[in-house]
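Everything below concerns the one structure shown next.
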Amino acid sequence: MKYITLALLLINSLLFSSCEKFVDIGKAPNQLPVADVFKEDGTATAAVLAMYSYYTTSGSLPYITFAGGIEADDIQYTYATSTPAMNEFQQSAVNPNNGTVSSYLWIYPYAVIRQANLAIEGLKASTTLTSSVQAQLLGEAYFFRAFNYFYLVNYFGAVPLVLSADVMETGTQPRTGTDSVWAQIISDLKAAVTSLPSAYTGTLRTRVNKYAASALLARAYLYTKDWENAITYSTAVIGATDVTYNLPVPDSAFVNVSNEVILQYGTNNGYSFMGNNYRTSSSAGIPNYYLYPATANAFESGDKRRTAWVDSVISGGTTTYRINKYKLATATAGNEYNVILRLAEQYLIRAEANAQLERIETAAADLNAVRTRAGLDNTAAATKDDLLAAIAQERKLELFGEFAHRWFDLKRTNKVNEVIGAIKSNWVATAALLPIPAAEIAKNKTLKQNDGY
């Protein structure tokens, strides 16, 4: 696939302004033109599957979790003082030149978006693919585009909405308002739901299906305060009859054969980047990322999640609370993948949406489904405000250490200044959005920086 940057075109135009055309070097012997890739089922499938194993996907997913986690009151980084880039997240004082922001939270997601755009264009233009294959691959491409825009808009706010694979068209594109980005996310996910099969491809839930798209769509509707649609799509997942989803005991929630898993990111060796960073090979070791003590101590008495998902080590008289959702730090043949979407969140989405609509009993029933799995009594909350507070607390204790849920929850519910301001003395409200990478603004003069940077 040809990557032609705007800078390269400008340089060539200056150096060879008298030439009538550029020299066409031709494709490498092991590459196919884009149009040919989407002529056959095998090559088209390989192109879409590359988005799952593509280096940028593997690179960005961990930092989607860790950057947001340490911005919030969720997780802390062991080596923050010696790693300036990560210390900036911990201090909520991120520099526009921060390499983690530039590479893992901006460049890598946009690289996957370009892969998705290439796939969408090629698949829609193809007239030779098997129809079922074409539909599934198109649904997966729409999902990947929406998934990456979901994290871009939550981390940065308004971002360039790139819907073409032509870099000459998109290289100088300005930022698009958040409402339009959200509308595109929802549109892509609705298209994915329509195109994708219900059944998973393969024995483990590592390829997107209809319910994975529905789950992310339910979350998108929750974030945009479309309560009825959030209920509709979370119900589609919870009530699925052609795929088995349930809430197993906490100890079994994150194994790769768990029926709570809606979508997981597979690894060749059977352990996750989550476990690799939350656990250590030593039973007494302090991992790269660990849990805020206040969160570890916020569980109710008898909560099975506290026993199954949190443990601690004492070193030099200091207690470090470790995230124990994933049990394996390293393995040669483990049974843990990175769980991206799971059922408990869908119950909490539906509970929150119903609470917003003042359907108190219905909302409480879904909250209680999560609490029952945790071994807790039903909630005592009986009013809208009390129920929303109880759901927010349940989300904090259920979803900690997972894909920046806590950070995004604080922002979307307007609690971020209150909560983070209480634990970070240098907190300013503009830190709720990350800076647009300075290098991107230098390349594209139409990009404007976020306030406070």
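All values reported here derive from a predicted model rather than from experimental measurement.
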Q) When you measure from the side chain of Asp188 to the backbone N and O of Arg145, does any donor-acceptor pair fall under 3.5 Å? A) no
Q) Rounded to the nearest 0.5 Å, how far does CZ of Phe38 lie from OG1 of Thr45? A) 9.5 Å
Q) Are there more than 12 heavy atoms of other residues, nucleotides or ligands under 6.0 Å from atom CD of Gln356? A) yes
Q) Cation over ring, Arg412 on Tyr223, under 6.0 Å and within 45°? A) yes
Q) For the residue pair Ala355 and Ile391, what are the closest heavy atoms and their distance? A) CB-CD1, 4.1 Å
Q: Step by step, work out the side chain to side chain contact (heavy atoms under 4.5 Å, CB included) result for Leu348 and Asp366.
A: CA-CA 7 Å; Leu348 293 172; Asp366 280 336; over 6 Å; no
Q) Distance from Tyr265 atom OH to Ser58 atom OG, nearest 0.5 Å? A) 2.5 Å
Q) Are the ring centres of Phe254 and Trp309 closer than 6.0 Å? A) yes
**Q.** Over all atoms of both residues, closest heavy-atom pair of Ala218 and Ile349
**A.** O-CG2, 3.9 Å
Q) Quick one: does Phe400's side chain get under 4.5 Å of Val310's, heavy atoms only? A) yes
Q. Under 3.5 Å, is there a donor-acceptor pair between the side chain of Gln264 and the main chain of Asn256?
A. yes
Q: Using a strict 4.0 Å threshold on nitrogen-to-oxygen distance, state whether Arg306 and Asp303 make a salt bridge.
A: no
Q.
I'd like to know if the side chain of Asn378 pairs up with that of Arg371 as donor and acceptor (distance under 3.5 Å, no hydrogens or angles considered).
A. no
Q.
Check this for me: does any side-chain nitrogen of one of Glu260 and Arg373 sit under 4.0 Å from a carboxylate oxygen of the other?
A. yes
(Q) Can you confirm whether more than 12 heavy atoms, excluding those of Asn97, are under 6.0 Å from its CG atom? (A) yes
Q.
If we count only N and O atoms by modelled type, under 3.5 Å, do the side chains of Asp242 and Tyr211 hold a donor and an acceptor together?
A. yes
Q | Spacing of CD1 belonging to Ile185 relative to OH belonging to Tyr221, to within rounding of 0.5 Å | A | 11.5 Å
Q | Interatomic distance, Asn414 atom CG to Asn417 atom CG [nearest 0.5 angstrom] | A | 8.5 Å
Q.
As a quick check of understanding, evaluate side chain to side chain donor-acceptor pair (under 3.5 Å) for Glu140 and Tyr52, giving each step before the final call.
A. CA-CA 10 Å; Glu140 288 174 288; Tyr52 290 88; 2.5 Å; yes
Q: Output yes when a side-chain donor or acceptor of Asn259 lies under 3.5 Å from a complementary backbone atom of Pro248, and no otherwise.
A: no
Q. How long is the span from the CG atom in Leu129 to the OG1 atom in Thr43, to the nearest 0.5 Å?
A. 7.5 Å
Q | Close side-chain approach of Ile262 to Val243, heavy-atom, < 4.5 Å | A | no
Q: Answer yes if the side chains of Asn450 and Arg175 hold a donor-acceptor pair under 3.5 Å, and no otherwise.
A: yes
Q | Heavy-atom check, side chain of Met274 versus side chain of Phe403, under 4.5 Å | A | yes
Q.
I'd like to know if Lys396 pairs up with Asp409 as an ion pair, taking the criterion as any Lys NZ or Arg NE/NH1/NH2 lying under 4.0 Å from an Asp or Glu carboxylate oxygen.
A. no
(Q) For a ring-ring contact (aromatic ring centres under 6.0 Å, His included) check, start with the C-alpha distance between Tyr149 and Trp182, then their side-chain angles and the critical distance, and finish with the verdict. (A) CA-CA 8 Å; Tyr149 273 122; Trp182 279 113; over 10 Å; no
(Q) Among Ile75, Asn324, Asn288, which residue satisfies the side-chain contact (heavy atoms from CB on, under 4.5 Å) criterion with Tyr278? (A) Ile75
Q: Determine whether the aromatic ring centres of Trp106 and Phe156 lie less than 6.0 Å apart.
A: yes
**Q.** Where Phe143 and Ala213 come nearest, the two heavy atoms and their spacing
**A.** CD1-CA, 4.0 Å
(Q) Can you tell whether the side chains of Glu228 and Arg359 come within less than 4.0 Å, N to carboxylate O? (A) yes
Q) Does the ring of Tyr200 carry Arg207 above it, NZ/CZ under 6.0 angstrom from centre and within 45° of its axis? A) no
Q.
Looking at Lys325 and Glu336, is there a salt bridge between them, counting it only when a charged N and a carboxylate O are closer than 4.0 Å?
A. no
Q: Please indicate whether Lys190 has more than 12 foreign heavy atoms, meaning atoms of other residues, nucleotides or ligands, lying under 6.0 Å from its NZ.
A: no
Q) Looking only at atom types and distance, does a side-chain atom of Thr83 sit under 3.5 Å from a main-chain N or O of Ala85, one as donor and one as acceptor? A) no
Q) Can you check whether Pro160's main-chain N or O pairs, donor with acceptor, with Tyr110's side chain at less than 3.5 Å? A) yes
(Q) For Lys39 and Thr128: C-alpha separation, side-chain torsions, deciding distance, then whether side chain to side chain donor-acceptor pair (under 3.5 Å) applies. (A) CA-CA 6 Å; Lys39 285 182 178 179; Thr128 55; over 6 Å; no
Q. CG/Asn98 to OH/Tyr453 distance, rounded to the nearest 0.5 angstrom?
A. 10.0 Å
Q) Are Phe89 and Phe66 close enough that their ring centres sit under 6.0 Å apart? A) no
Q.
Treating Tyr142 as the side-chain partner and Leu137 as the backbone partner, does any N or O pair qualify as donor plus acceptor under 3.5 Å?
A. no
Q.
Given 3.5 Å as the limit, does a donor-acceptor pair link the side chain of Gln136 with the main chain of Leu196, or not?
A. no
Q) With side chains defined as the heavy atoms from C-beta onward, is the minimum distance between Arg350 and Tyr347 less than 4.5 Å? A) yes
Q: I would like to know whether Asn117 and Ser164 meet side chain to side chain donor-acceptor pair (under 3.5 Å); could you show each step before the answer?
A: CA-CA 6 Å; Asn117 288 338; Ser164 167; over 6 Å; no
(Q) Checking the side chain of Asn209 only, and the main-chain atoms of Ser198 only, is there a donor and an acceptor separated by less than 3.5 Å? (A) yes
**Q.** Main-chain N/O of Gly99 paired to Tyr104 side chain as donor or acceptor, under 3.5 Å
**A.** no
(Q) Donor-acceptor pair, distance only, cut-off 3.5 Å: does the side chain of Asn148 make one with the backbone of Phe144? (A) yes
Q: Could you tell me whether the side chain of Leu263 reaches within less than 4.5 Å of the side chain of Arg205, counting heavy atoms only?
A: no
Q) Between Ala116 and Ala141, which heavy-atom pair has the shortest distance, and what is it? A) CB-O, 3.5 Å
Q) Does one side chain, of Asn444 or Thr446, offer a donor that lies under 3.5 Å from an acceptor on the other? A) yes
**Q.** Pair Glu398 + Arg395: basic N to acidic O under 4.0 Å
**A.** no
**Q.** CA sep, side-chain torsions, deciding dist, call: Tyr108, Tyr63, ring-ring contact (aromatic ring centres under 6.0 Å, His included)
**A.** CA-CA 11 Å; Tyr108 284 13; Tyr63 288 97; 9.0 Å; no
